[in-house]
2 protein chains.
Amino acid sequence: MKYRKIPDETIRRLPMYLRAFSLLRTEATETISSRQLAQRLGLNSPQIRKDLSYFGAFGTRGVGYPVEATARRIRQILKLNKVQKAVLIGAGRLGTALVAYPGFSSFNLDIAAVLDNDPKKIGKKIGPIKIENTDRISTLKKRDIRLAILAVPAEAAQKTTENLVKAGIRGILNLSPCHLKPARPVKIIDIDLASQLGILPYYM
Amino acid sequence: MKYRKIPDETIRRLPMYLRAFSLLRTEATETISSRQLAQRLGLNSPQIRKDLSYFGAFGTRGVGYPVEATARRIRQILKLNKVQKAVLIGAGRLGTALVAYPGFSSFNLDIAAVLDNDPKKIGKKIGPIKIENTDRISTLKKRDIRLAILAVPAEAAQKTTENLVKAGIRGILNLSPCHLKPARPVKIIDIDLASQLGILPYYM
DNA sequence: CTTTGTTTGTGAATGTGAGCACAAATACCA
DNA sequence: TGGTATTTGTGCTCACATTCACAAACAAAG
Ligand SMILES: NC(=O)c1ccc[n+]([C@@H]2O[C@H](COP(=O)([O-])OP(=O)(O)OC[C@H]3O[C@@H](n4cnc5c(N)ncnc54)[C@H](O)[C@@H]3O)[C@@H](O)[C@H]2O)c1
Ligand SMILES: NC(=O)c1ccc[n+]([C@@H]2O[C@H](COP(=O)([O-])OP(=O)(O)OC[C@H]3O[C@@H](n4cnc5c(N)ncnc54)[C@H](O)[C@@H]3O)[C@@H](O)[C@H]2O)c1
């Protein structure tokens, strides 16, 4: 295929593909066709083929995609072939749920630090990991932490973002219901749970 | 404007607009221009104007949009002008965080029931609300609960979905990392937190 | 009442992504 | 070796979404 910019939507789907391929491996499946995979994921099969073909041809015609090799390739594309460390800011209700979640490790994602500004929480542990004071944000760079999960109250989100960017953070998963304006351009993914629930009644 | 189908993307943004207008009301602002609002939300101003214009003209040229009236109108469009009750299935780490979250009420969303199948949890309380056994799913219809938040392990998600649909649920916010196949067509919104975090390294 | 400045509402243009349809490639069998 | 059944990879078309650009509407001031 001649060169074309890779759609953001394709990137957005890759982790889903990766999870499916990982699961197939545990089922000892060697190959899977785009049709079968589409069936599982609720997509159209040309969608999957096109998505994967952006990164070269790694299926076999008449057979399908090799599970092991394709998983490895997707991990490589997403830069998830080595462990990526993340910091959680805000050890509140949502934050602690995330830290305890074992599902990140299958993507090679590791919440390696937790920061909060509540003196009563600092020093306490969530599982194996100790909550640190927010001022330790400046140590993130040398600890090789480049991703952040932002789970602080909305009022604190903008200021925290500025500090994160100063600390060399390159990507932020923002769970607070507000628009962040980073000083330098940084990839930000917003997840607004309440808004999402608020959409549902419209479709009833 | 002549009739045109309302884009899903427009609907997706309405809760954001609603939140912004609600906030403006607390700031005692009477009107706001699309430019100012766009600035706050990180959008383009024509985007906002077009979105709102799908539902008729309710701004004033030269002035902007009336905060109070527009908020009311958006609530009406999203069917959030009356309280919408939701059930949470799965009182685990993520589920309890959601139940405790006060931010739903500003959308008139109310988590009115919590179900789990763990005998140790049934009967316990999360804040003011008692955890019920999963078999009580059949009582949801007569309790006027039409929305569900699904926060059970992935293995249980499909079976639970089938039961929810049987129980008359019309919309599901799915937090488990798998694709659901409802027996009848029902609006499902998937939020896959781990996948979202998994996207970030690509953009570094 | 007219002029000036502002902001909406919207047709048109542009951009982006999804889905179709089919040639090319491979496996398998007779 | 030739024929049949699959399934990939991809150009093309269509659908959807965003952005532009400007006329129409309104406020305020002189
Ligand atoms: N809990 C949910 O289900 C839910 C749902 C939707 C959105 N959210 C959003 O997620 C965010 C967190 O929600 P939560 O329910 O966990 O809130 P929470 O109040 O339980 O936790 C917030 C945590 O952030 C800490 N904090 C406050 N200011 C800080 C700062 N400047 N620096 C570092 N830490 C700080 C607090 O000490 C607290 O531990 C909020 O923005 C909320 O709107 C939460
Ligand atoms: N915790 C997170 O941060 C996080 C992040 C991403 C995705 N998720 C997803 O959200 C879902 C819930 O995650 P969690 O961390 O809260 O898990 P959890 O194990 O803490 O909680 C799951 C709860 O569901 C209950 N349950 C199990 N089977 C059930 C059934 N058939 N009917 C009713 N209840 C049942 C369990 O008793 C438990 O209380 C999972 O699918 C998980 O993959 C969670």
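Reminder, nothing fancy here: chain letters follow the sequence lines and each chain counts from 1.
Checking C/dA21, C/dG19, C/dT10 against the side-chain heavy atoms of B/Ser53 singles out C/dT10 as nearest. The side chain of A/Arg13 approaches C/dA18 more closely than any other nucleotide in the set D/dT19, D/dG9, C/dA18. For A/Pro46, the side-chain atoms get nearest to C/dA21 when compared with the rest of C/dT10, C/dA21, D/dT18.
Within the model, atoms CD1 of B/Ile172 and NZ of B/Lys187 stand 12.0 Å from one another, a figure rounded to the nearest 0.5 Å. Atoms CD1 and CD, on B/Ile48 and B/Gln36 in that order, are 10.5 Å from each other to the nearest 0.5 Å.
Of all the residues in residues 196-204 of chain B, not one reaches under 4.0 Å from DNA chain D with any non-hydrogen atom.
Listed by first and then second residue, the salt bridge (charged side-chain N to carboxylate O under 4.0 Å, His left out) pairs that reach into residues 188-204 of chain B are A/Arg19-B/Asp192, sequence neighbours excluded.
Rounded to a whole Å, the CZ atom of A/Arg35 is 14 Å from the P atom of C/dA21. D/dT7 atom C1' lies 13 Å from atom CD1 of A/Ile48, rounded to whole Å. Nucleotide D/dA17 holds its P atom 15 Å from the CG atom of B/Leu43, rounded to whole Å. Following rounding to the nearest Å, B/Gln39 (CD) and C/dT7 (C1') show an atom-to-atom distance of 17 Å. Atom CZ in B/Arg49 sits about 13 Å away from atom C1' in D/dT18, given to the nearest Å. Counting to the nearest Å, the P atom of D/dA17 and the CD1 atom of B/Ile11 are 11 Å from each other. One atom, CG of B/Asp51, and another, P of D/dT19, lie 11 Å apart when rounded to the nearest Å. One interatomic measurement links the two molecules: CD of A/Gln36 to P of D/dT6, which rounds to 13 Å at whole-angstrom precision.
Atom CD of A/Glu162 has more than 12 heavy atoms from other residues, nucleotides or ligands within 6.0 Å.
Classification of B/Glu68 and B/Arg72 as a salt-bridged pair holds, one side-chain N sitting under 4.0 Å from a carboxylate O.
Remark: A/Tyr65 is in phosphate contact with D/dG9, judged by side-chain N or O atoms under 4.0 Å from OP1 or OP2. Side-chain N/O atoms of B/Gln47 include none lying less than 4.0 angstrom from OP1 or OP2 on D/dA17.
Residue-to-nucleotide proximity on DNA chain C shows that, of A/Arg61 and A/Asp8, the 5′-proximal contact is made by A/Asp8. Position along DNA chain C of the nearest nucleotide to A/Val63 versus A/Glu9 favours A/Glu9 as the more 5'-ward residue.
Residue B/Lys50 places no side-chain atom within donor-acceptor reach of the base of C/dG9, judged by atom type and a 3.5 Å distance cut-off alone.
Within 4.0 Å of B/Ser34, counting heavy atoms only, lie sugar-phosphate atoms of the nucleic acid but no base atom.
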Go through the steps to decide whether A/Ser53 and A/Arg49 satisfy the test side chain to side chain donor-acceptor pair (under 3.5 Å), and finish with yes or no.
-> CA-CA 6 Å; A/Ser53 76; A/Arg49 293 201 296 278; over 6 Å; no

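In summary, of the residues considered (B/Asp8, B/Leu80, B/Ile11), a side-chain contact (heavy atoms from CB on, under 4.5 Å) with A/Tyr202 occurs for B/Ile11 alone.
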